[in-house]
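Worksheet: the structure to be examined is printed underneath.
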Amino acid sequence: MRRVVLAGRGELAEWRDAARAFAAAGILPEEIDWREKGAEADLAFQRDAMPPAPIMARKPMTVPPAFIELAETVLCHSDPARFSLLYRLLWRLQLDRQLLEVASDEDVARARLMAKNVRRDAHKMTAFVRFKEIDAVSAGRRKFLAWFEPDHHIVRRTAPFFQRRFTDMDWLIATPKGSAAWDGERLTMSDAPCEKPDLTDATDDLWRTYYASIFNPARLKLKAMQAEMPKKYWKNLPEADLIPGLIASAESKVRAMAAREATQSLPFHDRLQEAARSIPVEPEAPAGTLEALGAEAAGCTRCPLHAKATQTVFGEGPRDAEVMFVGEQPGDQEDISGRPFVGPAGRLLDQVIAEAGIDRSTLYVTNAVKHFKYEPRGKRRIHQKPNMGEVKHCRWWLNLEMALIKPKLIVAMGATALAALTDTKQRLQDVRGKAIAIDEKRTLFVTVHPSYLLRIPDERLKAEELARFREDMLKIQRLMLAAA
């Protein structure tokens with residue numbers, strides 16, 4: 001049996017160097033006794049009985065990137081068995097590269113549980129650290145001290161979060177498992193255990209005031225509250241002093257809230273209703289017109305997309321248009337303005353059809369889906385492709401538009417429009433640039449959506465595709481002349 005003693009403070013390199021040496025020498029997992037410094041009084045910090053020289057003919061061990069990420073987290077756990085668990089997984093991965101995907105495997109499940117506990121501990125540290133001011137402003141910077149009691153070795157892992165968030169002040173976070181300090185220029189770590197300081201400051205009362213103001217007795221759920229704020233953290237949180245009293249008085253406060261419940265609308269609501277009554281009501285458009293259809297579509301709730309969109313973006317163009325252009329869905333600018341094809345893709349379409357000799361004012365332009373589907377990302381709204389369920393729900397409006405306008409030529413721009421018009425899944429490239437007879441009175445022409453051209457990163461390919469799009473518009477212009 002070979003013994004190796006590690007400091008065990010969450011350092012990947014420390015365990016990795018030892019594991020590599022043992023693996024290169026062909027030492028099996030059951031032949032190593034992994035220990036953590038301080039686990040026994042007579043163990044000094046050293047690696048005793050290091051492995052023999054590597055076996056030259058032995059193939060080096062390799063692991064997938066997911067194992068490195070898992071190991072970095074698991075090594076922060078406080079369980080001494082983490083070293084042997086990871087070394088065992090290292091060996092098993094040489095025989096089964098997909099091992100980490102087997103959630104039912106005992107070793108994998110145990111490692112993932114350790115990683116989950118470490119991440120949770122780190123999250124709690126970011127939530128429950130309370131800084132106390134310990135010094136007056138010096139050289140324009142204030143100095144603070146915080147105490148936290150983690151379950152695992154997460155100080156090094158979590159300290160960069162505090163550096164980014166509190167970069168304008170000097171601080172020290174002390175814990176029984178080490179400390180982290182920031183002086184405005186350098187983040188310093190120490191593995192030496194700290195003793196709990198006895199500090200209070202004016203912000204303690206601010207925390208109590210804040211917590212009391214957000215505590216809602218009507219929504220009190222003790223188990224959920226203790227899961228989010230476990231009792232072991234209460235002793236270091238100034239606001240926790242209030243929790244027993246707030247819980248005890250919750251029932252009486254709920255009864256008092258019910259007794260104070262309003263029995264009539266507030267004057268503010270009355271003023272709103274009076275103002276609404278003073279707004280002149282526009283006369284309803286005659287039934288069977290595009291205006292009436294657009295007004296009806298404005299209240300569409302056929303699919304969930306209406307909930308996040310600003311408004312319905314209906315089609316636009318003359319009632320007797322012989323050509324209808326159908327795109328995928330409105331974009332960000334269309335969603336705000338309420339008009340189709342007014343954004344970058346619409347401007348490109350206007351430019352190309354003008355070069356082809358097509359008068360935009362004679363066309364009816366619309367989309368297969370009438371609401372903007374997007375994913376919020378910061379202050380931006382990123383376009384998301386509608387799914388077939390959403391396309392099918394919105395086909396109701398598209399069919400009504402075609403029934404009213406009765407276009408002779410319908411141009412499908414993009415795969416979504418093609419699917420909405422044909423109810424089939426065809427490869428766009430198989431039918432692009434072709435005139436397809438829908439029935440005796442209507443012809444379908446398929447091309448790409450102009451937004452596709454805007455997203456092509458390669459300039460040479462973009463130029464080629466733009467030239468091809470112009471050719472498609474010229475074909476459409478010739479079809480319009482032939483149908484006239």
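Start at 1 with the first residue, then count along the sequence.
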Carboxylate-amine/guanidinium contact Arg381 Asp335, below 4.0 Å: yes
Crowding at CZ, Arg339 (>12 non-hydrogen neighbours, <6.0 Å): no
Ring geometry between Phe131 and Phe162 (parallel below 30°, tilted from 30 to 60°, perpendicular above 60°): perpendicular
Polar side-chain atom of Lys406 near backbone of Ala403 as donor-acceptor pair, under 3.5 Å: yes
From CA spacing to verdict: side-chain contact (heavy atoms from CB on, under 4.5 Å), Leu246, Lys253: CA-CA 9 Å; Leu246 291 171; Lys253 288 184 177 180; 4.0 Å; yes
Donor-acceptor pair between Arg468 and Thr447 side chains, under 3.5 angstrom: no
Nearest heavy atoms of Ile405 and Ala321, plus distance in Å: CG2-O, 3.3 Å
Under 3.5 Å: donor-acceptor pair, side chain of Arg130, backbone of Leu237: no
Residues, nucleotides or ligands: over 12 heavy atoms within 6.0 Å of Glu106 CD: no
Reported CG-to-CG distance for the pair Leu70 and Leu86, which is rounded to 0.5 angstrom: 6.5 Å
Other residues, nucleotides, ligands: >12 heavy atoms within 6.0 Å of Lys116 NZ: no
Heavy-atom side-chain proximity of Leu100 to Leu93 below 4.5 angstrom: yes
Side-chain heavy atoms of Arg110 within contact of Leu113, under 4.5 Å: no
Close side-chain approach of Arg142 to Glu133, heavy-atom, < 4.5 Å: yes
Side chain Asp79, main chain Arg82, donor-acceptor under 3.5 Å: no
side-chain contact (heavy atoms from CB on, under 4.5 Å) between Leu85 and Met114, worked out: CA-CA 11 Å; Leu85 172 65; Met114 285 185 178; 4.0 Å; yes
pair Val365-Met324: side-chain heavy atoms closer than 4.5 Å: no
Audit row: His449, Phe341, ring-ring contact (aromatic ring centres under 6.0 Å, His included) steps and yes/no: CA-CA 11 Å; His449 197 284; Phe341 288 94; 5.7 Å; yes
Straight-line distance of Leu404 CG to Asp320 CG, nearest 0.5 Å: 12.5 Å
Contacts of type side-chain hydrogen bond (donor to acceptor under 3.5 Å, both in side chains), residue Glu72, not counting sequence neighbours: none
Trp15 backbone acceptor or donor facing Tyr87 side chain under 3.5 Å: no
Closest non-hydrogen atom pair between Ala181 and Leu172, with its separation: CB-CD1, 3.8 Å
Sub-4.5 Å side-chain heavy-atom contact between Thr366 and Trp397: no
Sequence-distant partners of Thr209, side-chain contact (heavy atoms from CB on, under 4.5 Å), two or more places apart: none
Asn367 (side chain) donor-acceptor with Val369 (main chain) under 3.5 angstrom: no
Donor-acceptor contact present, side-chain Glu328 to main-chain Ala417, <3.5 Å: no
Closest non-hydrogen atom pair, Pro450 against Met413: CD-SD, 3.9 Å
Within 6.0 Å of NZ in Lys392, more than 12 heavy atoms from elsewhere: no
Side-chain touch Ile68/Arg16, heavy atoms, less than 4.5 angstrom: no
Separation of Ile456 CD1 from Leu466 CG (nearest 0.5 Å): 8.5 Å
Between OG1 on residue Thr312 and CD on residue Glu296, distance to nearest 0.5 Å: 11.0 Å
Rounded distance [0.5 Å steps], CZ in Arg9 versus CD in Glu14: 9.0 Å
Atom CD of Glu69: over 12 foreign heavy atoms under 6.0 Å: no
Minimum heavy-atom distance Leu398-Ala420, with the two atoms named: CD2-CB, 4.1 Å
Residue pair Leu99 / Leu89, side-chain heavy-atom distance below 4.5 Å: yes
Under 3.5 Å: donor-acceptor pair, side chain of Arg157, backbone of Arg119: no
Under 3.5 Å: donor-acceptor pair, side chain of Glu334, backbone of Pro340: no
Within-4.5 Å side-chain heavy-atom neighbours: Val323 and Thr362: no
Passing option when Lys370 is tested against Glu401, Glu390, Gln329 for side-chain hydrogen bond (donor to acceptor under 3.5 Å, both in side chains): Glu401
Audit row: Phe469, Leu349, side-chain contact (heavy atoms from CB on, under 4.5 Å) steps and yes/no: CA-CA 10 Å; Phe469 188 61; Leu349 177 64; 4.1 Å; yes
Within the 6.0 Å centroid threshold, strictly below: Phe166 and Phe144: no
Side-chain donor/acceptor of Gln311 to backbone N/O of Ile336, under 3.5 Å: yes
Test item: Arg302 side-chain N/O and His393 main-chain N/O as donor-acceptor pair under 3.5 Å: yes
Nearest heavy-atom neighbours spanning Gly317 and Leu290: O-CD1, 4.2 Å
Glu465: which of Arg460, Arg432, Arg470, Arg455 passes salt bridge (Lys or Arg N to Asp or Glu O under 4.0 Å): Arg432
Stepwise side-chain contact (heavy atoms from CB on, under 4.5 Å) check, Lys425 with Leu418: CA-CA 8 Å; Lys425 292 184 179 180; Leu418 176 62; over 6 Å; no
Candidate list Lys408, Lys441, Arg442, test salt bridge (Lys or Arg N to Asp or Glu O under 4.0 Å), partner Glu322, passing option: Lys408
Value rounded to 0.5 Å, distance of CD in Gln477 from CE in Met473: 11.5 Å
Asp151 versus Lys177, closest heavy-atom pair with distance: O-CE, 3.3 Å
